[in-house]
Amino acid sequence: MEKSNSIICRNMKKYLILIISVISIIGLLFLTKYLIGEKLEISYVTSQEHTPEDLAAEGFLNEFDWFIIRSEEQRENIENEGYVVPSVDFSKNFLIISRYKISKLYRKSGCDECIGVPDGRAIFDKKNSDENQYYFYLMPTILLSQGVP
């Protein structure tokens, strides 16, 4: 009788450890998604070499690490400042212009109270970026705040 109780007790300990492990993993995944955010799929398009005109432009990549181009009008305004910007169908994708290569893009949980949209968080690959280049990526048509350097 004692032997069977001992076996039952060991089995219960194993199940308890398994349950605690599963709950911990689920909690960690939830916490990670809450803190880091949802990963967004982006696609590299091209890079361009800086020109004296874009290096002299106020704002843009001289002030921000990255930003999102959402319309043809924005694209034309940026081109007027000396940047070379590829044409895209803005009804299907937005275009990211970045000072550095981007390895991942996240949409954080919740909304920025001032802007009313979620914050975007770009993970840069600065080590493999060329300071004489700027980079373009396609992203889904999702509104993000992105102006924080």
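One is the number of the first residue; the rest follow in order along the sequence. Remember, predicted model here, so these are calculated numbers, not experimental data.
Under the rule for a side chain to side chain contact (heavy atoms under 4.5 Å, CB included), the partners of Pro140 that lie at least two apart in sequence or sit in another chain are Ile142. Ile17 meets the side chain to side chain contact (heavy atoms under 4.5 Å, CB included) test with Ser21; sequence neighbours excluded. Residues satisfying the side chain to side chain contact (heavy atoms under 4.5 Å, CB included) test with Val84, not counting sequence neighbours, are Gln48, Tyr134. Residues passing the side chain to side chain contact (heavy atoms under 4.5 Å, CB included) test with Thr141 are Phe94, sequence neighbours excluded.
Distance check, rounded to the nearest 0.5 Å: OH of Tyr83 to CG of Asn77 gives 13.0 Å. Between Lys39 atom NZ and Ile123 atom CD1 the span is 10.5 Å, to the nearest 0.5 Å. The structure places CG of Leu138 at 9.5 Å from CD1 of Ile42, a figure rounded to the nearest 0.5 Å. For the atom pair Leu40 CG and Ile102 CD1, the distance stands at 11.0 Å (nearest 0.5 Å).
Heavy atoms only, all atoms of each residue included: Pro86 and Thr46 are closest at CG-CG2, 4.1 Å. In terms of heavy atoms, Leu95 sits closest to Val85 at CD2-CG1, 3.6 Å.
Panel note: side chain Asp65, backbone Arg99; no donor-acceptor pair is recorded below 3.5 Å. The main-chain N or O of Gly82 is found under 3.5 Å from a side-chain atom of Thr51 such that the two form a donor-acceptor pair.
The closest side-chain heavy-atom distance from Ile97 to Phe67 is below 4.5 Å. Side-chain contact between Tyr135 and Ser129: present, with at least one pair of heavy atoms (C-beta onward) separated by less than 4.5 Å. Lys101 has its side chain within reach of Tyr137: a pair of non-hydrogen atoms, C-beta onward, lies under 4.5 Å apart.
Every pair tested for salt bridge (charged side-chain N to carboxylate O under 4.0 Å, His left out) that includes a residue from residues 46-55 fails, sequence neighbours excluded, so the list is empty. Sorted by first and then second residue, the salt bridge (charged side-chain N to carboxylate O under 4.0 Å, His left out) pairs involving residues 75-97 (not counting sequence neighbours) are Glu72-Arg75, Arg75-Glu79.
Grouping the Ile, Leu, Val, Met, Phe, Trp and Tyr side chains by contacts below 4.5 angstrom, directly or via other members, places Tyr44 with Ile68.
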The test is side chain to side chain contact (heavy atoms under 4.5 Å, CB included); show your working for Ile96 and Phe136 and say whether it passes. CA-CA 5 Å; Ile96 295 173; Phe136 291 96; over 6 Å; no
Passes side chain to side chain contact (heavy atoms under 4.5 Å, CB included), Trp66 versus Leu105? Steps please. CA-CA 11 Å; Trp66 68 290; Leu105 178 66; 3.8 Å; yes
